[in-house]
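Here is the structure we will look at.
Small disclaimer: the values here were computed from a predicted structure and weren't measured.
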Amino acid sequence: MKLPSLYLRPSLLMASLVIQLITVVVASGGGSGTTSSTAAAAAAPTKKYNAMFTFGDSMDETGNICVGSSNKTELNVLTCTHPPYGETYFGRPSCRWCDGRVVVDFVGCKGYVRKSLFMFGAYGGNDYNVQLLERGLTPEQAMNYTPKIVGAIANGVVKLIALGAVHVVVPGIFPTGCLPIFLSLFGDGDADLDDAGCLKAYNLLTKYHNSMLRKQVEALQRRHRNSTRLMYADYYGLVYQMVQEPHKFVCMMTFWMLGSFLMLQKC
């Protein structure tokens, strides 16, 4: 199937550019319990960490995609199972989306665990993308899988805590109904859009997922309140605010782009 051209709005492009800044802002709040807003982060004292570990995207991929799948046909389709991936490390493709080592190969040891910040996710987005874009399910049908998806995330957090993690951020997922690909595929003249021009049904799915996830994070925080600091990061709310009021984030985008430029100059 040939996909139509992506429907890219300036506000959505800007949202994608500043996700890294959002991560830093939301994760920097102090105190106990969960936090989900920049206001909460600003009001709380700044917490300093010795290190930061992230899970869940191709920039940090260490090859687990091959470990978690036994479908040889599916794995063969992935480019990371073919050269030149892995040519400078392992000497062969190893399901890493790079030709060698990644950043996480050089950090992390047990001495840092208790004093480090762990970003666990955001998970769930691709689970819904497969259902909605490849399997053709409706948002309502995809909701049937939400308890299983959220449960898997919660189990991962529990395992991370068991390994000694003390400070863990668990992000929700972005507003699906505002993403360009969904607007391009499903945002026709008959689509039910909200005031920001996003697809209501798809955002309802995202809200359902995030609500269930946040309850799980709060439950885990109560269970481990004496040993662990769990924080829910509200990616949905912050990105949706960018869609509604993009002019308020112009300075943030400029800062991000300048920082990226300076980093490139050093490379």
#### Entry: Salt-bridge contact Glu245-Lys248 (side-chain N to carboxylate O under 4.0 Å)
yes
### Message
Applying disulfide (SG to SG under 2.5 Å), can you list everything that pairs with Cys98, at least two apart in sequence or on another chain?
### Response
none
### Task
Please identify each residue that fulfils side-chain contact (heavy atoms from CB on, under 4.5 Å) with Lys200, with sequence neighbours left out.
Asp192, Asp194
### Message
Within this structure, what is the CZ-CD distance for the pair Arg222 and Glu218, rounded to the nearest 0.5 Å?
### Response
6.5 Å
### Query
Listed by chain and number, what are the side-chain contact (heavy atoms from CB on, under 4.5 Å) partners of Asn76, not counting sequence neighbours?
His82
Contacts table for residues 127-134: side-chain donor-acceptor under 3.5 angstrom, sequence neighbours left out:
{"residue": "Tyr128", "atom": "OH", "partner": "Thr146", "partner atom": "OG1", "Å": "2.9"}
{"residue": "Tyr128", "atom": "OH", "partner": "His209", "partner atom": "ND1", "Å": "2.9"}
{"residue": "Asn129", "atom": "ND2", "partner": "Gly125", "partner atom": "O", "Å": "3.4"}
{"residue": "Asn129", "atom": "ND2", "partner": "Asn126", "partner atom": "OD1", "Å": "3.3"}
{"residue": "Gln131", "atom": "NE2", "partner": "Asp127", "partner atom": "O", "Å": "3.1"}

### With Tyr202 via ring pair (Phe, Tyr, Trp, His ring centres under 6.0 Å) - residues at least two apart
Phe182, Phe186
### Task
If a pair satisfies ring pair (Phe, Tyr, Trp, His ring centres under 6.0 Å) and one of its residues is in residues 134-156, list it, with sequence neighbours excluded.
none
### Summary
Here the pair of heavy atoms bringing Asn203 nearest to Cys198 is ND2-CB, 3.5 Å
## Note on the structure
side-chain contact (heavy atoms from CB on, under 4.5 Å) filter on Ala152, not counting sequence neighbours, yields none
### Gln221 (side chain) donor-acceptor with Thr228 (main chain) under 3.5 angstrom
yes
### Query
Is Thr88 reaching over with its side chain to a backbone N or O of Asp99, donor-acceptor style, under 3.5 angstrom?
yes
### Query
Hydrophobic clusters join Ile, Leu, Val, Met, Phe, Trp and Tyr when side-chain heavy atoms are under 4.5 Å apart, directly or via other members; which others share one with Tyr240?
Tyr236
### Message
Could you work out, with side-chain contact (heavy atoms from CB on, under 4.5 Å) as the rule, every residue matching Thr79, not counting sequence neighbours?
### Response
Tyr85, Trp97
### Query
Transitive ILVMFWY cluster of Val166 at side-chain heavy atoms under 4.5 Å: who else is in it?
none
### Task
Nearest 0.5 Å please: distance from the CG atom of Leu117 over to the CE atom of Met231.
5.5 Å
### Query
Should the SG of Cys95 and the SG of Cys80 be checked, would they turn out to be under 2.5 Å apart?
no
### Message
Does anything in residues 139-160 form a salt bridge (Lys or Arg N to Asp or Glu O under 4.0 Å)? List the pairs, not counting sequence neighbours.
### Response
none
